[in-house]
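See structure below.
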Amino acid sequence: MENRRPLIAGNWKMFKTCSEAVEVAEQLVKLVNDMTDGVDVMIAPPFTALAPVSDIVRKSCVSLGAQNLFWENEGAYTGEISSAMLVSAGCRYVIIGHSERRQYFGETDEAVNKKIMAAIKNDLIPILCVGESEKERESKDTFSVLDKQVKNGLKDFVLDDLKTLVIAYEPVWAIGTGKTATSDQAQEIHLFLRSMLEKSFGNMLSKSTRILYGGSVKPDNVSELMAMPDIDGALVGGASLDPETFSKIVHFNK
Ligand code: 13P
């Protein structure tokens, strides 16, 4: 796997109040604290729970991430959160361009591009999400959709900007549906994404960039996915809400 440290990331979406989030984080830290070697672990609670969860995970191997950001640093943008604010709340990662944001909040590739730039400027690790819908897969548009999302999302970046970039391939038809892409299907797409990185930014970046799979990842399918040469981790939704279940995913190689 060419020195790519696996990353198991939990996207909590719009779940958990502050007290619930703190409770899950406390349990999770206890369950995964043996993983300081070998696997990176991240959880992305809702904005309101970031600061309290940060206090829990600070001295553990669990890193904190946010689910979104706005690209300006500050200003009259009611309801938005900047990357500097995320850093101040203890975040190391930020998920950008999740399909739910694209689908329900009209997030465009251009917005995604600006958000990645803002994240990088503030030393946040961006997790760029890409993925095709069921209709696009059926009409055999998967590769062209991904090509467009990656090219536009990373437009005007240079190699140096992207050293920490993480990509998450999340086929929309596999999110929250219980339908996982087979490990072969996912591997094929991950290889395609890696070759896109190689064409645009060269061999070094394509070899070092972690590409996660997301979409109904569970304890019973994670090992098979992780055995694929180009799958470097998982972005987990539903199964990350329960600390025991998420801890089993984190321990995929045990
Ligand atoms: P599920 O694991 O619930 O399918 O969600 C995947 C996802 O969207 C993670 O970002």
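In listed order, ligands and their atoms are each counted from 1.
Heavy-atom contacts of Glu170 reach the following atoms of ligand 1: 6 (C), 7 (C), 8 (O), 9 (C), 10 (O) (cutoff under 4.0 Å). The atoms of ligand 1 that sit less than 4.0 Å from any heavy atom of Ala174 are 4 (O). Close approach of ligand 1 to Leu235 (heavy-atom distance below 4.0 Å) involves ligand atoms 9 (C), 10 (O).
Among the atoms of His98, some N or O lies under 3.5 angstrom from an N or O of ligand 1. The shortest N/O to N/O separation between Lys218 and ligand 1 does not fall below 3.5 Å.
Between Ile43 and Ala25, the shortest heavy-atom contact is CD1-CB, 4.3 Å.
Residue contact annotation: Gly176 has a non-hydrogen atom under 4.0 Å from ligand 1. Proximity of Ser216 to ligand 1 is established by a heavy-atom distance of less than 4.0 Å.
Nearest non-hydrogen protein atom to atom 5 (O) of ligand 1 is Lys13 NZ, 3.3 Å. Here the heavy atom of the protein found nearest to atom 2 (O) of ligand 1 is Gly237 N, 2.9 Å.
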Show me the donor-acceptor pairs within less than 3.5 Å that the side chains of residues 217-227 make with the rest of the protein, sequence neighbours left out.
residue: Asn221; atom: OD1; partner: Lys218; partner atom: N; Å: 2.7
residue: Asn221; atom: ND2; partner: Thr180; partner atom: OG1; Å: 3.2
residue: Asn221; atom: ND2; partner: Ser216; partner atom: O; Å: 3.0
residue: Ser223; atom: OG; partner: Phe252; partner atom: O; Å: 3.1
residue: Glu224; atom: OE2; partner: Ser183; partner atom: OG; Å: 2.9

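Checked against side-chain contact (heavy atoms from CB on, under 4.5 Å), Lys199 has no partners two or more places apart in sequence or in another chain.
Defined by atom type and a distance below 3.5 Å, a donor-acceptor pair is present between the side-chain atoms of Asp141 and Ser139.
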